[in-house]
Structures are given as structure tokens and as C-alpha cells.
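Before any comments, here is the structure.
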Amino acid sequence: MQQLLIYNTLSHQKELFKPITPDHVGMYVCGPTVYGDGHLGHARPAITFDVLYRYLRHIGYKVRYVRNITDVGHLEHDADEGEDKIAKKARLEQLEPMEVAQYYTNRYHAAMDALNVLRPSIEPLASGHVMEQIELVQRILDAGYAYVSNGSVYFDVRKYHEDFKSYGRLSGRVIEEMLSTTRDLDGQEEKRFSGDFALWKKAQPEHIMRWNSPWSVGFPGWHTECTAMGTKYLGETFDIHGGGMDLMFPHHESEIAQQTSVCGHGPCRYWMHNNMITINGQKMGKSLGNFITLDEFFTGKHELLTQAYAPMTIRFFILQAHYRSTVDFSNEALVAAEKGYTRLMQAYKTLGRLQPSKSSSVDVSGYRQLCYDAMNDDLNTPIVISHLFDMAKVINTVYDKKATLSQADIDELKGVMDTFVFEVMGLRDESAKDNTALVDGLMKMILDARATAKANKDWATSDKIRDELGALGVTVKDGKDGATYELN
RNA sequence: GGUCGUUUGGCCGAGGGGCUAGGCACAGGUCUGCAAAACCUGCUACUCCGGUUCAAAUCCGGAAGCGACCUCCA
């Protein structure tokens with residue numbers, strides 16, 4: 001098995017990956033909050049951890065990959081204080097909250113499918129695990145690390161920190177600092193310490209999504225779902241927990257605190273965080289209003305986009321940067337990615353047409369290991385891609401008859417490309433994307449040629465065209481102003 | 001303001017004490033009926049100022065720019 005190094009946010013260094021249970025990996029990744037369309041920022045972790053998931057499986061692990069759907073909780077920060085985001089959107093659109101969640105979940109799935117992101121093994125809904133979250137809150141209360149205040153339950157950060165000395169370790173935060181930098185929040189008076197966070201929140205009258213609990217009718221706190229569902233499906237300790245860097249604090253820090261307070265240790269061995277995507281140097285985010293949805297990328301319908309970008313272009317673009325680096329969006333960079341990606345796909349097709357020689361004039365034996373080395377070094381997909389381009393050059397050189405490859409070496413290159421391009425990096429050939437314009441153009445050409453034939457009274461040709469198109473499922477309809485067509 | 005990170009060629013982006021990615025763009029060439037593609041060649045860069053070293057883009061110190069986080073966020 002390959003020796004995989006992954007960067008652990010907890011230790012700030014690359015560590016050799018060793019699963020708790022031999023040959024099995026449990027990984028949990030924070031999924032989307034389904035109250036809006038997915039944007040590039042959602043694609044980054046999805047693709048990053050999709051590649052990790054694919055690679056772990058490729059090198060022989062059996063992986064249980066859990067990625068949640070957040071359809072409850074999460075307080076609004078501004079205007080509508082304390083209102084559940086889902087509920088707010090529902091009221092605005094006059095829809096049932098769960099209808100909104102379902103709608104955006106479906107849209108999210110469609111976008112992820114387009115990006116060739118594999119579905120996780122389990123995709124639990126927060127709303128389906130309120131019981132588990134209530135139980136978790138009770139356990140934390142029983143352990144003495146939470147307190148009830150006016151129907152809400154808060155985590156006692158100070159007590160936790162006194163006993164475990166670890167709050168802030170993941171994010172490199174100093175707890176004392178938090179006192180002076182905390183903003184005012186709704187319900188802050190209910191807390192003993194400004195750094196305490198809600199485990200259960202009593203619902204205000206305007207809340208639509210609400211559940212019974214021992215403390216009040218309300219909804220679960222911001223960080224409980226991942227702890228509850230991670231524990232339920234992966235156990236008290238699992239291997240990898242992933243998510244965006246912006247979730248490090250407070251979300252993941254709080255997850256660690258919740259889990260540690262009831263079982264003495266954090267939820268996982270390796271924390272992995274992907275970096276952000278920026279647009280004009282600024283973070284792309286829902287609340288900043290500067291985001292471009294994935295659908296807008298696919299259709300090109302956004303003022304910042306000069307053209308539509310195929311899902312695979314987006315995927316390739318993201319994989320061309322290392323996951324821990326920020327990536328700045330620009331049309332120029334995307335166009336460059338699109339061209340490079342096309343070149344790679346073209347080389348793969350060319351590979352299938354190469355004439356084998358008796359012997360090879362180039363040594364291609366090293367590429368496979370070079371690709372593994374790059375992947376093993378904290379999923380360095382940009383390096384993998386650079387090796388793939390080197391291979392593309394070899395392929396093209398052979399195609400130009402300036403070098404030779406034996407059948408065995410051609411097969412080796414094909415094997416390496418199949419493995420890394422398609423299986424591990426999850427790219428797929430998408431040259432046949434949206435064909436509408438193409439078909440229109442082709443049909444115009446054909447019908448023009450037929451019109452010429454008809455003008456020349458060449459009925460044999462014009463009928464042949466009509467009959468053969470008909471056999472292909474295209475009906476030609478002659479009219480006074482020329483012919484039109486219809487696809488059956 | 002605090003904490004952390006970052007600054008690489010026209011652009012995107014790896015690397016991270018001496019070898020030195022890759023893509024895109026651009027220029028010249030080969031091939032070609034013309035074009036495209038492909039191939040060859042060129043473009044050899046690391047914010048600035050000090051320091052360590054035989055050797056620094058890489059390590060150390062400082063400055064500046066940029067960014068992220070500091071209880072919505074992937």
C-alpha cells in the first residue's frame with residue numbers, strides 16, 4: 001500500500017496516514033447548508049475530499065465517507081436575529097422549510113454530479129438527527145461542561161479549558177484573547193462567558209423549525225450535528241475530518257470541545273482543511289454577495305463570466321492548485337485551464353491511436369511512481385497534472401513519429417492515465433457537452449446542401465438526405481420559406 | 001487592533017539552500033493546398049532591505065503589500 005502523507009491541521013505538519021482499523025478509513029466532511037445554490041466555494045471541499053476519497057479507495061482502503069446536509073440550526077447573524085436560516089428563506093418564498101431544503105439539496109446533488117463528485121457513503125440530514133443531538137447535549141450536561149440558561153443550553157468553554165487545556169489548539173487561538181474580541185450577540189446575556197456557544201437554542205416565536213427537548217422547544221446548536229452524526233456513523237474516534245478553513249474556528253474547535261467533554265478525546269486523528277476560493281482577491285461567500293453559482297459557471301450567465309465553463313473545466317481548474325492554497329478566480333485562468341484540459345484529453349485519445357513499435361525510444365517507466373509520489377505528498381494534484389502533461393508530450397511526439405513506444409509502454413501510459421486522470425482525479429472526457437448550437441449549425445449546412453440539390457432538380461440527392469436524416473431521427477419539414485428540422 | 005498565512009515570469013500556479021515544475025499567452029521555426037492541431041526553439045522568475053552560508057527564491061531578522069480568521073460562511 002502507498003505511504004500517504006497528509007497535512008494535519010492539529011499538528012501543523014504532514015503526517016503519515018495510518019487508519020485506526022487496518023484497511024478501513026472513516027472520514028467525515030462538513031457538507032453544505034441547503035438554503036442557497038452551490039457556488040465555487042462549495043465545489044472546493046467537495047472536489048478536494050472527493051479526490052481523497054477516490055485515492056484512499058484506489059490504494060486499497062475501504063472507506064466510509066460521511067458528508068452531512070445541514071438543513072436546521074445555524075443562527076442568522078444580522079437583521080433577523082436568531083432566526084433559523086432555513087426558516088427565513090422559507091417565509092420569504094412562502095414555502096415549507098423542508099421544501100426549501102429539499103429543493104437546494106437536489107440542486108446541490110445535480111451540481112456535484114456534474115462535477116463528477118462521488119456521492120458519499122452516508123449523507124445524513126441534521127433534521128433527521130435531532131434526537132442524537134439532544135442526547136449529545138444531555139451527555140455534555142451530565143459531564144458538567146454545559147449549563148441551561150433560559151431554555152437554552154450553552155457549552156462551558158472556561159470550565160472545559162481549565163480541565164483539558166485544549167480549546168483553541170486546532171485554530172491556534174488563545175482563549176483569553178476571546179474575551180476582548182467578542183462581538184455582541186443575541187442571547188449573550190444568557191451566557192456566562194462570551195466564548196460559550198449554544199448547544200441547544202430556545203426557539204423564538206417566529207421560528208418555524210422547532211423541536212421538543214428537555215430544555216425548551218427549540219433547535220440544536222451550531223456545532224452539534226457534526227459531533228452527533230460523526231459519532232453515530234463513524235464512532236467515537238474516526239480517521240479524518242475535513243472541511244473548509246473557515247470552519248476551523250469556531251465550528252471544528254467546538255466539535256473537538258463537545259466530543260472531548262464527553263469522551264476525553266477529540267473526534268478524529270487527522271483534521272484536513274481546504275483553503276478558500278477568492279474572486280478579485282476577496283473571499284467568495286454567500287454573505288459577501290460576490291459569489292458565482294455553479295449553474296452560472298455552467299451556463300456562463302453571470303456578468304463576471306466571459307463564457308460558459310464546463311464542469312470538468314471547473315474541476316480541472318481547482319485541481320491545478322494545491323488544496324491548501326487559495327485560488328483566485330479569473331476568466332483568464334479558467335480559459336487557460338480549459339485549454340490545458342482539452343489538450344490532456346486530446347492526448348489521451350491520441351494515445352489510443354498510436355502505432356506500437358518494437359521498442360521504445362523514451363523511458364516512460366517512471367511516470368506511475370511520480371504520480372503516486374505526488375499524491376502521497378498531501379494530495380499534490382498540481383504535480384500529478386504536470387506529470388500528465390509530460391506524458392501528453394511524449395504521446396504527441398510519438399504520434400508525430402519523432403519517438404517510438406512499444407505496445408507494453410503504450411499500455412503502461414494508458415494505465416497511468418486511466419488511474420490518475422479518471423479514477424483518482426475524477427476527470428472525465430466532456431468534449432460532447434452542449435451540442436445544441438453544433439447540431440443547429442450542422443443541420444443548416446445539410447439543409448443548405450439539400451436546397452441546392454433541389455434547385456438543381458437533383459431529387460435523388462435531396463431525397464437521400466431526407467431519408468437518411470429520417471432514419472437518424474431527424475424529420476425534415478419542407479415549407480414555403482425553406483426547410484426546417486425537428487429532432488424526434 | 002489581535003492571531004495566522006502569503007508575496008514566484010505577461011497570466012495561472014508547483015517547488016522550497018547548489019540541479020529547478022507544469023499549463024496558458026507571446027515570438028520564431030518544422031509540417032501543411034490554406035488553416036488548426038502537434039512538434040522544435042525562445043521567454044529562466046521568485047516583494048524589498050539586512051544577515052547566515054563556499055552557495056539563498058529557498059534559512060534567519062526586519063519592512064511593505066495582500067489575504068484569512070477573530071462566534072453566518074466551504
Side-chain angles (χ1 to χ4, degrees), chain A residues 12 29-33 35-36 38-49 67 70 73-80 83-85 88 157 168 171-174 176-178 180-185 188 191 194-198 222-223 242-251 253-254 273-278 281-288 291 316-317 319-322 324-344 346-347 350 370 374 377 380-390 392-393 395-403:
Chain A
H12 303 283
V29 174
C30 293
T33 302
Y35 70 102
H39 53 81
L40 256 198
H42 291 101
R44 189 100 196 255
I47 289 171
T48 296
F49 293 106
R67 189 185 63 204
T70 298
H74 288 262
L75 302 176
E76 276 285 348
H77 178 240
D78 33 53
D80 303 88
E83 188 177 5
D84 189 310
K85 275 181 178 171
K88 181 191 175 196
V157 170
S171 54
R173 216 152 294 258
V174 183
E176 291 73 19
E177 216 176 81
M178 291 171 57
S180 53
T181 56
T182 302
R183 297 178 192 169
D184 284 344
L185 243 201
Q188 182 158 316
K191 299 183 193 175
S194 57
D196 293 349
F197 55 89
W222 318 336
H223 317 298
M245 267 183 186
D246 51 345
L247 294 179
M248 239 156 71
F249 187 88
H251 184 56
E253 200 71 72
S254 302
H273 292 95
N274 62 275
N275 214 319
M276 303 291 104
I277 283 181
T278 58
Q282 203 184 21
K283 189 174 83 165
M284 180 182 284
K286 281 171 197 158
S287 54
L288 293 170
F291 66 94
F316 188 75
F317 174 65
L319 292 177
Q320 264 192 310
H322 188 257
R324 284 190 289 113
S325 301
T326 54
V327 171
D328 194 47
F329 154 85
S330 71
N331 279 289
E332 207 181 352
L334 273 173
V335 168
E338 182 178 55
K339 289 189 179 172
Y341 171 66
T342 304
R343 185 170 135 87
L344 200 57
Q346 202 55 50
T350 302
L370 285 171
D377 186 14
N380 200 328
T381 53
I383 293 292
V384 174
I385 289 171
S386 80
H387 294 315
L388 292 169
F389 275 114
D390 287 344
K393 182 164 270 187
I395 291 165
N396 286 326
T397 306
V398 172
Y399 190 67
D400 271 10
K401 312 251 185 268
K402 287 171 182 160

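Letters A, B, ... are given to chains in the order of the sequence lines, protein chains preceding strands, and every chain is numbered from 1. Computed from a predicted structure; not experimentally measured.
Separating the C1' atom of B:G18 from that of B:G22 is a span of 23 Å, rounded to the nearest Å. B:G17 and B:C73 are spaced 38 Å apart, taking the P atom of each and rounding to whole Å. Taking the P atoms as reference points, B:C60 lies 11 Å from B:G5, given to the whole Å. The separation of B:U71 from B:U20, taken at their P atoms, amounts to 48 Å, rounded to a whole angstrom. Of the P atoms belonging to B:C24 and B:A36, the separation is 16 Å, rounded to the nearest Å. Spacing between B:G1 and B:U53 at atom C1', rounded to whole Å, works out to 39 Å. Across B:A57 and B:G9, the matching P atoms stand 14 Å from one another, rounded to whole Å. B:U47 and B:C12: their P atoms are spaced 14 Å apart (whole Å).
A:Thr397 pairs by the side-chain contact (heavy atoms from CB on, under 4.5 Å) definition with A:Lys393, A:Lys402, A:Ala403, not counting sequence neighbours. Residues forming a side-chain contact (heavy atoms from CB on, under 4.5 Å) with A:Ser330 (at least two apart in sequence, or on another chain): A:Glu332, A:Ala333. For A:Arg44, there are no salt bridge (Lys or Arg N to Asp or Glu O under 4.0 Å) partners two or more places apart in sequence or in a different chain. Under the rule for a side-chain hydrogen bond (donor to acceptor under 3.5 Å, both in side chains), the partners of A:Glu253 that lie at least two apart in sequence or sit in another chain are A:Ser171. Here A:Phe49 pairs with nothing under the ring pair (Phe, Tyr, Trp, His ring centres under 6.0 Å) rule; sequence neighbours left out. In this structure, the side-chain contact (heavy atoms from CB on, under 4.5 Å) partners of A:Leu344, at least two apart in sequence or on a different chain, are A:Phe316, A:Leu388, A:Phe389, A:Ala392, A:Met417. Here A:Arg324 pairs with A:Asp378 under the side-chain hydrogen bond (donor to acceptor under 3.5 Å, both in side chains) rule; sequence neighbours left out. A:Phe317 meets the ring pair (Phe, Tyr, Trp, His ring centres under 6.0 Å) test with no other residue; sequence neighbours excluded. Scored by the side-chain hydrogen bond (donor to acceptor under 3.5 Å, both in side chains) test, A:His223 finds A:His251 as partners (sequence neighbours excluded).
In this structure, the NE2 atom of A:His223 is 12 Å from the C1' atom of B:C73, given to the nearest Å. The nearest whole Å value for the distance from the OH atom in A:Tyr35 to the C1' atom in B:A74 is 11 Å. When the P atom of B:A68 is taken as reference, atom CE of A:Met248 falls 14 Å away, rounded to whole Å. Atom CE in A:Met245 sits roughly 17 Å away from atom P in B:C73 (whole-Å rounding). Taking atom CG on A:Asn274 and atom P on B:A74, their separation rounds to 11 Å, with Å as the unit. One atom, CZ of A:Arg324, and another, C1' of B:A68, lie 15 Å apart when rounded to the nearest Å. To the nearest angstrom, P of B:C73 lies 8 Å from CH2 of A:Trp222. Protein atom CZ of A:Phe249 is 13 Å distant from nucleotide atom C1' of B:G2, rounded to whole Å.
The side chain of A:Thr397 sits closest to B:C39 out of B:C69, B:A74, B:C39.
Taking the side chain as every heavy atom from C-beta outward, A:Arg343 and A:Asn396 approach each other to under 4.5 Å.
If you take OH on A:Tyr399 and CD on A:Gln346, they are separated by 9.0 Å, rounding to the nearest 0.5 Å. Note that CG of A:Asp390 and CD1 of A:Ile385 are 12.5 Å apart. Values are rounded to the nearest 0.5 Å. A distance of 9.0 Å separates OG1 of A:Thr48 from NE2 of A:His322, quoted to the nearest 0.5 Å.
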Per-nt protein contacts along nucleotides 13-33 of chain B (heavy atom under 4.0 Å; B base, S backbone sugar-phosphate only, - none) come out as SSS-----BSSSS--------

Each base of RNA chain B marked ( ) or [ ] if paired in-strand (Watson-Crick or G-U under 3.5 Å), | if paired to another strand and . if unpaired gives (((((((..(((.....[...))).(((((.......)))))....(((((..]....))))))))))))....

Identify each atom pair where a protein N or O and an N or O of nucleotides 43-47 of chain B are less than 3.5 Å apart, giving names and distance.
none

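Side-chain N/O atoms of A:Asn396 include one lying less than 4.0 angstrom from OP1 or OP2 on B:C39.
Annotation: of the two residues near RNA chain B, A:Pro45 and A:Ala392, the 5′-most nearest-nucleotide partner is A:Ala392. When each of A:Gly244 and A:Asp400 is assigned the nucleotide of RNA chain B with its nearest heavy atom, A:Asp400 is the one assigned upstream, toward the 5' end.
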